[in-house]
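Worksheet: the structure to be examined is printed underneath.
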Amino acid sequence: MAEDCIFCKIAAGELPSEIVQEDEDTLAFMDINPWTRGHALVIPRNHSRNLYEVGENDLRNTSNAAQRLALRLRERLGCDGVNLLNACEPAAWQSVFHFHLHVIPRYDDDPLQLPVRPRQAEPDELAEVAAEIRGG
Ligand code: 5GP
Ligand code: ZN
């Protein structure tokens, strides 16, 4: 457990939360500022800062728990879809530094909109960045 980590405190039962699913390795609870009805967060019980640092077992267990929760949200809330979202570092909107997945139920008539306008890239641009990522 990391000191001053609110999600560690939630996992330890030291801070209140609305838990909706749990097992030995993971916990899922309602996001305090939901984007839609039923927006939940899934965390590994072990502390890690984010996607860069989470251990592979915790990542696997948390991903599997997120899938179980998505199925539960479809069954119980009748959502029409789900967004699975992770924020890694402030540049990517991370605000709580304990690895977590957002499981956001979506409804055909909900007001959420894509925060970006995708733009088609030129093949040269894709090739250049792909080469940089591949390295060598
Ligand atoms: P991030 O911005 O790091 O991807 O997501 C952090 C999420 O945690 C936010 O959606 C925020 O609403 C939620 N959150 C922050 N503090 C608390 C809290 O004390 N309890 C709960 N249940 N959620 C929280
Ligand atoms: Zn933590």
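For the single chain, residues carry numbers from 1 onward in sequence order. Ligands are counted one by one from 1 in listed order, and the atoms in each one are counted from 1 as well.
Contact check on Arg119 versus Glu125 returns a salt bridge, with a Lys/Arg side-chain nitrogen under 4.0 Å from an Asp/Glu carboxylate oxygen. Asp23 and Arg68 are joined by a salt bridge, as a carboxylate oxygen and a charged side-chain nitrogen come within less than 4.0 angstrom of each other.
Between Leu27 and Val42 there is no side-chain heavy-atom pair separated by less than 4.5 Å.
Closest of all the heavy-atom pairs between Asn86 and Leu51 is OD1-CB, 3.7 Å. Across every non-hydrogen atom of Arg49 and His47, the tightest pair is N-NE2, 4.3 Å.
Counting heavy-atom neighbours within 6.0 Å of Glu53 CD, excluding the residue itself, gives a total above 12. Remark: Glu89 CD is packed, more than 12 non-hydrogen atoms of other residues, nucleotides or ligands lying under 6.0 Å away.
Within His47, the N, O or S atom at minimum distance from the Zn ion (ligand 2) carries the name ND1. Within His98, ND1 is the N, O or S atom that lies nearest to the Zn ion (ligand 2).
Within 4.0 Å of ligand 1, heavy atoms belong to protein residues Ile6, Phe7, Ile10, Phe29, Met30, Asp31, Ile32, Asn33, Leu41, Ala87, Trp93, Gln94, Ser95, Val96, His100, His102.
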